[in-house]
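Hydrogens, waters and symmetry mates are skipped; everything else that's a heavy atom, side chains included, is used. Numbers here simply count residues along the sequence, with the first being 1.
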Amino acid sequence: MKRLFLSLYLLLSIGFLGIGWTLDNLWQNNVDEKGVLDAPLVALAQVLATLPPAERQEMLDTIKADPDFPLTLLDSDQVAFSNEQLFGPDKVIATPYDINHELQFVAVGEQVLMAGPIAIDPAASLRSIYNIFFYLLLAFIALIWVWPLSKDLKILRKATKEFGQANWNTRIQLTKRSQVLPLANTFNDMAAHISALIENQKHLSNAVSHEIRTPLARLKFALALLPQYCQPESDVTKRQRFLDEMQLDIKEMENLLQELLTYASLETQRESLNFERCDLNSLVAQTIRRLQSHHPTPIILDEPEHTIYLVAEPSLVERALQNLITNAQRFSIDDIIVKISQDSDGVTLSVTDDGEGILEEDQSKIFEPFYRSASSKNGNKGHGLGLAIIKRIMDRHHAEVSLQSRPGFTQFTLFWPAVNQA
């Protein structure tokens, strides 16, 4: 991470320096008004060039001597410039004399006019200081930008390393101004999804090891006793009851495995659901007729006169409703009310029973997989997957499931927002 910070900082700093130096040189070579300052010296050289060599010095002598701008006429062999360097049209060559002075040369025919030593403009020396200050300021600005980015990337690296060490609850907390906040949010979403998968795997493993253990133990015990029920003198009625109990154990394991497969498949079907526009009234009525034949508790359907259409996976909606009605049949005393309604917010489907209600401490956990309420009627029935399947079905539809419960009233509500409907 330190190497990344240094490389990024150096890249920005060198980039700023390179761009600044290039622009500065382009300015000096193409835009700077230095030629205007050299114009008097060039004009004098042009005048001298029109005179014979013997008269040039006399003209210089007639010019009032200026101690700050001395002029000297030299032969070309007295200077170290080549002809290509010196003899050009209106070309002035400046060379340093000492730290505060310089010499200027311009061609006058076959001779050279030297001006100086001339004091260098004090502002020119300050320019270098200003340039250094400018580049340092750019480097400081780059540091202000790079340093927080480096810190955030270090946090990302640390979180990734922790997550790789099986710390599934690792999350990244960055400020809203962070430049890598979208990356952190993506990491958190990925971590949450992986954590959920790991948790589901644990639940599935626990279910296989714990939930199936009981019916397997009963089957193993029953197989040990089976020979004595198969004797010719054994009671036929007892034998049949014994075989029926074995069949119930097998059915219990089949139901558990089916629930496990359904719950697991809903995770893998995140992007593969076949949504379609279905008639919710007909779907609910059909489910009620089928379930009513298996239980004496009346199921009352409260539906509007007009047909309500829902964009969803019909088989999953039916499965969610079936689980709710089946649960209600176990607890209801007098009747079960299934209500369909629609408003501007969306479509609502609720199942209400008049049973003893769900304990308050259980309500926040009731949708967790393999969680079973401590209700007196519930006992040890079920596998704790029915409501968890409903929750996952609604999540896949980007919809919601909610619970209201008190003694004598329990209502589960499925809600599909209108924004998700076609």
Do [X] and [Y] have side chains that approach each other closer than 4.5 Å (heavy atoms only, starting at C-beta)?
{"X": "Leu226", "Y": "Leu243", "answer": "yes"}
{"X": "Gln322", "Y": "Leu291", "answer": "yes"}
{"X": "Leu349", "Y": "Phe415", "answer": "no"}
{"X": "Ser195", "Y": "Arg171", "answer": "yes"}
{"X": "Ile308", "Y": "His306", "answer": "yes"}
{"X": "Leu387", "Y": "Lys391", "answer": "no"}
{"X": "Val338", "Y": "Ile325", "answer": "yes"}
{"X": "Ile336", "Y": "Ile300", "answer": "no"}

Partners passing side chain to side chain donor-acceptor pair (under 3.5 Å) against [X] (at least two apart in sequence or in another chain):
{"X": "Arg218", "answer": "Asp249, Glu252"}
{"X": "Asp279", "answer": "Ser282"}
{"X": "Gln240", "answer": "Asp244"}
{"X": "Ser350", "answer": "none"}

* Is there a side-chain contact (heavy atoms from CB on, under 4.5 Å) between Arg319 and Asn323 once you walk through the steps? -> CA-CA 6 Å; Arg319 178 60 184 272; Asn323 286 4; 3.4 Å; yes

Report the distance from atom [atom1] of [X] to atom [atom2] of [Y], rounding to the nearest 0.5 Å.
{"X": "Asp152", "Y": "Thr175", "atom1": "CG", "atom2": "OG1", "answer": "6.0 Å"}
{"X": "Glu254", "Y": "Leu248", "atom1": "CD", "atom2": "CG", "answer": "11.0 Å"}
{"X": "Ile299", "Y": "Gln292", "atom1": "CD1", "atom2": "CD", "answer": "4.5 Å"}
{"X": "Glu313", "Y": "Ile393", "atom1": "CD", "atom2": "CD1", "answer": "9.5 Å"}
{"X": "Ile155", "Y": "Lys151", "atom1": "CD1", "atom2": "NZ", "answer": "7.0 Å"}
{"X": "Glu245", "Y": "Ile250", "atom1": "CD", "atom2": "CD1", "answer": "12.5 Å"}

* Within residues 158-168 or reaching into it, pairs that qualify as salt bridge (charged side-chain N to carboxylate O under 4.0 Å, His left out) - sequence neighbours excluded -> none

* **Residue pairs passing the salt bridge (charged side-chain N to carboxylate O under 4.0 Å, His left out) test where at least one lies in residues 287-306, sequence neighbours excluded** =>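 Listed once each, the pairs are Arg290-Glu318.
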
* Given the rule in the side-chain contact (heavy atoms from CB on, under 4.5 Å) test, do Leu283 and Val317 qualify, once you have shown the distances and angles that lead to the verdict? -> CA-CA 9 Å; Leu283 187 149; Val317 175; 4.1 Å; yes

* By side-chain contact (heavy atoms from CB on, under 4.5 Å) - contacts of Lys238 (at least two apart) ->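 Lys238 satisfies side-chain contact (heavy atoms from CB on, under 4.5 Å) with Tyr229, Asp235, Arg241 only.
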
* Asked: What pairs with Glu361 under side-chain contact (heavy atoms from CB on, under 4.5 Å), at least two apart in sequence or on another chain?
  -> Leu359

Please tabulate, one pair per line, all N/O donor-acceptor pairs under 3.5 Å involving side-chain atoms of residues 402-409, not counting sequence neighbours.
{"from": "Ser405", "atom 1": "OG", "to": "Ile358", "atom 2": "N", "distance (Å)": "2.7"}
{"from": "Ser405", "atom 1": "OG", "to": "Thr410", "atom 2": "OG1", "distance (Å)": "2.9"}

* Phe412 vs Phe367 aromatic rings, parallel, tilted or perpendicular, using cut-offs 30° and 60°? -> perpendicular

For residues [X] and [Y], report the shortest heavy-atom separation together with the two atoms involved.
{"X": "Ala184", "Y": "Leu174", "value": "CB-CD1, 3.6 Å"}
{"X": "Pro314", "Y": "Ala312", "value": "CD-O, 3.3 Å"}
{"X": "Arg396", "Y": "Phe275", "value": "O-CZ, 3.8 Å"}
{"X": "Pro298", "Y": "Asp334", "value": "CD-O, 3.2 Å"}
{"X": "Leu219", "Y": "Met246", "value": "CD2-O, 3.7 Å"}
{"X": "Ala399", "Y": "Pro417", "value": "CA-CD, 4.0 Å"}

* Partner set under salt bridge (Lys or Arg N to Asp or Glu O under 4.0 Å) for Lys339, not counting sequence neighbours ->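 Partners of Lys339 by the salt bridge (Lys or Arg N to Asp or Glu O under 4.0 Å) criterion come out as none, since no residue qualifies.
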
* Asked: What pairs with Asp335 under salt bridge (Lys or Arg N to Asp or Glu O under 4.0 Å), at least two apart in sequence or on another chain?
  ->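 Salt bridge (Lys or Arg N to Asp or Glu O under 4.0 Å) check on Asp335 returns nothing, list empty.
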
* To do: Start with the C-alpha distance between Lys365 and Asp362, add both sets of side-chain angles, then the distance that settles side-chain contact (heavy atoms from CB on, under 4.5 Å), and finish with yes or no.
  => CA-CA 5 Å; Lys365 304 176 182 179; Asp362 291 335; 5.8 Å; no

* Heavy-atom donor-acceptor pair, His295 side chain to Gln329 backbone, under 3.5 Å -> yes

* **Short side-chain to backbone donor-acceptor contact, Asp343 and Gly346, under 3.5 Å** => yes

* Can you run down the ring pair (Phe, Tyr, Trp, His ring centres under 6.0 Å) pairs that involve residues 149-183, sequence neighbours left out, and say none if there aren't any? =>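 Every ring pair (Phe, Tyr, Trp, His ring centres under 6.0 Å) pair that includes a residue of residues 149-183, provided the two are not neighbours, is Phe163-Trp168, Phe163-Phe187.
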
* Residues, nucleotides or ligands: over 12 heavy atoms within 6.0 Å of His294 NE2 ->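 It does not: His294 NE2 has 12 such atoms or fewer within range.
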
* Determine, stepwise, if the pair Leu414 / Ile390 fulfils side-chain contact (heavy atoms from CB on, under 4.5 Å). => CA-CA 9 Å; Leu414 308 180; Ile390 296 174; 3.9 Å; yes

* Derivation of the side-chain hydrogen bond (donor to acceptor under 3.5 Å, both in side chains) call for Ser332 and Asp354 -> CA-CA 5 Å; Ser332 182; Asp354 56 354; 3.0 Å; yes

